[in-house]
Amino acid sequence: MDFFLINGRSVFQFPVNPEEVNISRQKGYETVTMLTHGEFDFPQGEKVKEITFSSFFPRVYDASYCRYKNIPDPNEAMNRLNAMLKAEKPYQFIITNTLINVPVFIIAHNTTFRGGEAGDINFEITLRTWREPKIVLRKGNSPQKVNSSNLPRTNLKTKSKTYTVKTGDSLSKIAKLELGDSSKWKSIYQMNTKIIGNNPNKIKVGQKLVMP
């Protein structure tokens, strides 16, 4: 499995998978105190989920635990997470080969530097799932449901664009043609590793590649 944070064409893959992922689910309650009767709990539906995991950004590639060869510089990777922490729109969090594919915000991001691991950066990250708010307007004493289809929504669904490999193609050439920047070949490779294989230079004519 692989861990991704995706927002449009911005694709971030964690280079080292965490040992475990913690998902917190809670049911919401509203507590009301009534005179002479004490406190009463009223269920309010499921609370927003929180997803927490920890891993590290290695300074040097190691095939025994790194998910891909062209791993980012640890400081560059941390800067990207910091930018995502400040983002105003949710990211799509995906764990491949699982059912986890949800919109999230990064709400906490802690960094640790350990002696004896020069250059590596350890981190813990907390994601909070995002969901479209439901609005209820009241007319007199009766709540009136609002048709959410009439409300503006954040569009998280992007159409998957594919490219069929032609004779003479390379990932850098495809990145230049389709994304306008040949250096973005790494993003194409990361999203199509299973199709291409371990060598990004050996793409085959007829392969259909998913574009970032």
Hey, could you give me each pair passing side-chain hydrogen bond (donor to acceptor under 3.5 Å, both in side chains) that has a residue in residues 101-113? Not counting sequence neighbours.
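For residues 101-113, and leaving out neighbouring residues, the side-chain hydrogen bond (donor to acceptor under 3.5 Å, both in side chains) pairs sorted by first residue read Asn82-His109, Gln92-Asn101.
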Could you note down all residue pairs passing side-chain hydrogen bond (donor to acceptor under 3.5 Å, both in side chains) where residues 163-173 supplies at least one of them, sequence neighbours left out?
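Listed once each, the pairs are Tyr163-Asp169, Ser170-Ser172.
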Stepwise side chain to side chain contact (heavy atoms under 4.5 Å, CB included) test for Phe123 and Ser54
CA-CA 6 Å; Phe123 68 90; Ser54 59; 5.9 Å; no
What's the separation between atom [atom1] in [X] and atom [atom2] in [Y], rounded to the nearest 0.5 Å?
X	Y	atom1	atom2	answer
Asn17	Phe3	CG	CZ	5.0 Å
Ile125	Ile107	CD1	CD1	10.0 Å
Asp73	Asn79	CG	CG	9.0 Å
Gln190	Trp185	CD	CH2	9.0 Å
Ile71	Lys186	CD1	NZ	10.5 Å
Leu85	Met78	CG	CE	10.0 Å

Exercise answer: donor-acceptor pairs, residues 59-68 side-chain atoms, under 3.5 Å, sequence neighbours excluded:
{"unit_1": "Arg59", "atom_1": "NE", "unit_2": "Ala118", "atom_2": "O", "d": "3.3"}
{"unit_1": "Asp62", "atom_1": "OD1", "unit_2": "Ser64", "atom_2": "N", "d": "2.9"}
{"unit_1": "Asp62", "atom_1": "OD1", "unit_2": "Ser64", "atom_2": "OG", "d": "2.6"}
{"unit_1": "Arg67", "atom_1": "NE", "unit_2": "Met1", "atom_2": "O", "d": "3.4"}
{"unit_1": "Arg67", "atom_1": "NE", "unit_2": "Asp2", "atom_2": "OD1", "d": "2.8"}
{"unit_1": "Arg67", "atom_1": "NH2", "unit_2": "Met1", "atom_2": "O", "d": "3.2"}
{"unit_1": "Arg67", "atom_1": "NH2", "unit_2": "Asp2", "atom_2": "OD1", "d": "3.3"}
{"unit_1": "Tyr68", "atom_1": "OH", "unit_2": "Gln13", "atom_2": "O", "d": "2.8"}

Which heavy-atom pair separates [X] from [Y] by the least distance, and what is that distance?
X	Y	answer
Val16	Pro58	CG2-CD, 3.8 Å
Pro90	Pro103	CB-CB, 4.3 Å
Ala87	Phe105	O-CE2, 3.9 Å
Gly119	Pro74	O-CG, 3.4 Å

Hydrophobic cluster membership, Phe56 vs Ile106, 4.5 Å side-chain cutoff
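Shared cluster, no.
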Can you confirm whether Leu171 sits close enough to Asn192 that some side-chain heavy atom of one is under 4.5 Å from a side-chain heavy atom of the other?
no
So Tyr91 and Leu127, do their side chains get closer than 4.5 Å, heavy atoms only?
no
Just distance, no hydrogens or angles: give the donor-acceptor pairs under 3.5 Å from side chains in residues 4-11, sequence neighbours left out.
none

Short question: side chain of Thr129, backbone of Lys49 - any donor-acceptor pair under 3.5 Å?
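Yes: the side chain of Thr129 pairs with the backbone of Lys49.
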In terms of the angle between their ring planes, are Phe14 and Phe57 parallel, tilted or perpendicular, with boundaries placed at 30° and 60°?
parallel
Contacts under 3.5 angstrom, residues 197-212 side chains, donor-acceptor by atom type, not counting sequence neighbours:
{"unit_1": "Asn199", "atom_1": "OD1", "unit_2": "Asn201", "atom_2": "N", "d": "2.9"}
{"unit_1": "Gln207", "atom_1": "OE1", "unit_2": "Lys204", "atom_2": "N", "d": "2.9"}
{"unit_1": "Gln207", "atom_1": "NE2", "unit_2": "Ile195", "atom_2": "O", "d": "3.3"}

Applying side chain to side chain donor-acceptor pair (under 3.5 Å), name anything that partners Asp181, two or more places apart in sequence or on another chain.
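By the side chain to side chain donor-acceptor pair (under 3.5 Å) rule, Asp181 matches Ser183.
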